[in-house]
Amino acid sequence: MKNTIDNRQVARLLEETADLMEIDGADSFRVRSYRRAAETAQQTTVELAATETAELLAIPGIGKGMAANIRAITETGTFPQREELLARYGAGLLELLKLPGMGPKTVALLWDAAKVATIDQLAAAIAEGRLNGLPRMGEKQIAKLSKGIEDYRRGAGRFRIDAAEQEAARLVAYLSSFDGIDRVTPAGSLRRGRETVGDLDLLATGPACEPGSTEAAVEHVAAYADIRDIIAKGENKISFHTREGLQVDVRLLPGSSYGAALQYFTGSKAHNVALRQRALKMGLTLSEWSLARLDDESVVAAATEEEIYAALDLKWIPPEMRESLGEIELAARGELPLLIGLNDLRGDLHMHTTASDGRNSIREMAEAAVARGLGYIAITDHTKALAMANGLDEKRALEHMARIREVDSEMEGRIRVFAGIEVDIMGDGSLDLDDEVLAQLDVVIASVHSRFEQPREEMTARVIRAIENPNVDILGHPTGRLLLRREPYDLDMGAVIRRAAELGVALEMNAAPERLDLCDRDLRLAKELGAKVVISTDAHSIAGVGRMEYGVSQLRRAWLSAGDVLNTREAEGFVAGLRRRA
DNA sequence: GCCGTTTTCGGCCCGACTGTTTTCAGTCG
């Protein structure tokens, strides 16, 4: 693997520069062009470092200036504009922007007036009362910042599952390319499907990983191009940070204890403790090396997880369930639920097109869904309250609906295309589209978009009023949670889920990795109360259609089966009901 | 900074909401 700058690093540098430019008060359209270029770098399939300048210029959104910037980045790792801004402001300001309520103007204000350049300095400035009296810095604003700092520090260091998985995939490919490494498996919270991971655990096995002969393999790991610094390097383990800041632990293991190690490093800690207690009661001891007899230390099982669980009189437990929430008892009784899998899903009920803020047409989305083997989709563009997303008003919504129905018939039964919409829940709980229009659509998703701090009771009442509208079928991102950035809305999800169950309104598990709105606790409650759940992608382009793997992990973590989810093979009656308004 | 021209500069997604304003700036989506 060559030591080159890849597209996502180009994207990150452009994005950071856009942030700094905003703090610097640069022209907003100029800033937007940097953001657009960053997005393009992220999305494009061509490798920018290996692309001629003439070809760069052919990419929409990349002109002369940006092509020069990209060239500089791929050749030198940075570019003049960024260096200039970093020299003036420092990188700490970029972190400040991550606090909720902190935008470029506030960062600039705090920098100018209080010389605040990092989160630590902000915390100190608040403690010393140096923010008091600054423009737009009232009591509430300062309290909000304090809470933001607290939340940020708690979430710091965790990475979203999709980012961790992409890094894992790159590392697996790199490690597997080494002669003598046969198999590489991610363990830890990534394998358990958690929405964020603290560090990446990779287990490698093969001839080069056997005790006493690991030196060459360790050196191979240490030569990985994306390493920022090496934390520790031993005979069987090497730990490092990637350039993105993710900590990675690679362990080289003998094949004979691969199962024990995989079990041990997958966790969770609580599950492992419970499992070891069970082993002890059976006269066995479980470690990362093996399951062995207590009396004569003879190995009972070690090579595969299945053998280990079987030797403990347990069915193999899916990693997503390993949180010590009763799964061991169920496995002992042979009563583990059959968890939902990707293959159970039949339809994707939430997606956007060029009519609002999507990047592809209805037809293109439908074809992408056919390619992914789906039986039906619903097109659900935004409504007018999301003006920035070019949301639809009543007139456009009806025209769009007619066009969706045309495409549905053009597809000639290869797939069903339903006409839906994603309405915005307003501050008072009303929906931002007339009921007469909503009543003509097949699927109505109600979502909270604008973020503001309402007291818990009002927020809850607002969402409940919205789903009481008889036209609403699905409650979309109800918590508005964006991982690593902010807390969920202060919302009584228990009350919302209870009401949704009574009304028959389904709860959406938004599978987009930056969303994953419903946490496993919410999903468990939904199952308990008999509330319907759907999983969908919120796809904004053909790349996102049907990509539900991260969301499915969350459903599995909540022990849901295909029968608990509406858009599966088990619930075809649901589809029949969708066309009620046609 | 990009684009598309009405070829050489002007347009480029804007509405809801909060807090601190006494009429609106800043953030978010």
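We name chains A, B, ... by the order of the sequence lines, and we start the count at 1 in each one. Predicted, not measured: the structure shown is a model, and the values here were computed from it.
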Side chain of [X] - closest among [options]:
{"X": "A/Ala387", "options": "B/dT27, B/dC14, B/dG1", "result": "B/dC14"}
{"X": "A/Met426", "options": "B/dC2, B/dA16, B/dC13", "result": "B/dA16"}
{"X": "A/Gln141", "options": "B/dG1, B/dT20, B/dT27", "result": "B/dT20"}
{"X": "A/Lys140", "options": "B/dT20, B/dT27, B/dG1", "result": "B/dT20"}
{"X": "A/Arg136", "options": "B/dG1, B/dC13, B/dA25", "result": "B/dA25"}
{"X": "A/Thr106", "options": "B/dT27, B/dG1, B/dT20", "result": "B/dT27"}

Is the closest side-chain heavy-atom distance between [X] and [Y] below 4.5 Å?
{"X": "A/Leu555", "Y": "A/Met509", "answer": "yes"}
{"X": "A/Tyr550", "Y": "A/Arg160", "answer": "no"}
{"X": "A/Leu431", "Y": "A/Ile425", "answer": "yes"}

Between [N] atom [atom2] and [X] atom [atom1], what is the distance in whole Å?
{"X": "A/Lys384", "N": "B/dC14", "atom1": "NZ", "atom2": "C1'", "answer": "15 Å"}
{"X": "A/Lys144", "N": "B/dC17", "atom1": "NZ", "atom2": "P", "answer": "14 Å"}
{"X": "A/Ile70", "N": "B/dG1", "atom1": "CD1", "atom2": "C1'", "answer": "12 Å"}
{"X": "A/Leu20", "N": "B/dG1", "atom1": "CG", "atom2": "C1'", "answer": "17 Å"}
{"X": "A/Arg30", "N": "B/dG10", "atom1": "CZ", "atom2": "P", "answer": "17 Å"}
{"X": "A/Asp428", "N": "B/dA16", "atom1": "CG", "atom2": "P", "answer": "12 Å"}
{"X": "A/Leu97", "N": "B/dC28", "atom1": "CG", "atom2": "P", "answer": "9 Å"}
{"X": "A/Asn69", "N": "B/dC2", "atom1": "CG", "atom2": "C1'", "answer": "13 Å"}

Once you apply a heavy-atom cut-off of 4.0 Å, does [X] come out as touching a base, just sugar-phosphate, or nothing?
{"X": "A/Asp27", "value": "base"}
{"X": "A/Pro135", "value": "nothing"}
{"X": "A/Arg32", "value": "sugar-phosphate"}

Same-atom distance ([atom1]) from [N] to [M], integer angstrom:
{"N": "B/dT7", "M": "B/dC14", "atom1": "C1'", "value": "30 Å"}
{"N": "B/dT27", "M": "B/dT21", "atom1": "C1'", "value": "16 Å"}
{"N": "B/dG10", "M": "B/dC17", "atom1": "C1'", "value": "31 Å"}
{"N": "B/dC28", "M": "B/dT20", "atom1": "P", "value": "15 Å"}
{"N": "B/dC9", "M": "B/dA16", "atom1": "C1'", "value": "34 Å"}
{"N": "B/dG1", "M": "B/dT8", "atom1": "C1'", "value": "16 Å"}
{"N": "B/dC24", "M": "B/dC13", "atom1": "P", "value": "25 Å"}

Inset, instruction - For A/Lys105 and for A/Leu134, find the nucleotide of DNA chain B with the closest heavy atom, then tell me which residue's nucleotide is more 5'. - result: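 Of the two residues, A/Leu134 wins.
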
Inset, instruction - Report the residue (A/Asn390 or A/Glu139) whose heavy-atom-nearest nucleotide on DNA chain B is the more 5′ of the two. - result: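 Whichever sits nearer the 5' end wins; that is A/Asn390.
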
Inset, instruction - Before giving the answer on side chain to side chain donor-acceptor pair (under 3.5 Å), spell out for A/Asp424 and A/His382 the whole-Å C-alpha distance, their side-chain angles and the decisive distance to 0.1 Å. - result: CA-CA 8 Å; A/Asp424 199 20; A/His382 288 294; over 6 Å; no

Legend entry - Glycosidic class, syn or anti, of B/dT7 using a 90° window around 0: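 Syn.
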
Inset, instruction - Specify the glycosidic conformation (syn or anti) of B/dT18, with syn defined as within 90° of 0. - result: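 Anti, since the glycosidic angle lies more than 90° from 0.
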
Inset, instruction - Assess whether atom CD of A/Glu128 is packed by more than 12 heavy atoms of other residues, nucleotides or ligands within 6.0 Å. - result: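 Yes.
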
Inset, instruction - Hey, can you tell me if A/Tyr376 and A/Phe418 have their rings parallel, tilted or perpendicular (30° and 60° cut-offs)? - result: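 Rings of A/Tyr376 and A/Phe418: perpendicular, over 60°.
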
Inset, instruction - Compute whether any side-chain donor of one residue and acceptor of the other, for A/Asp120 and A/Thr118, lie under 3.5 angstrom apart. - result: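 No, because no side-chain N or O of A/Asp120 sits under 3.5 Å from a partner of the opposite role on A/Thr118.
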
Inset, instruction - Counting Watson-Crick and G-U wobble pairs only, both distances under 3.5 Å, name the nucleotide matched with B/dT8, or none. - result: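 The base-pairing partner of B/dT8, which may sit in any strand shown, does not exist here.
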
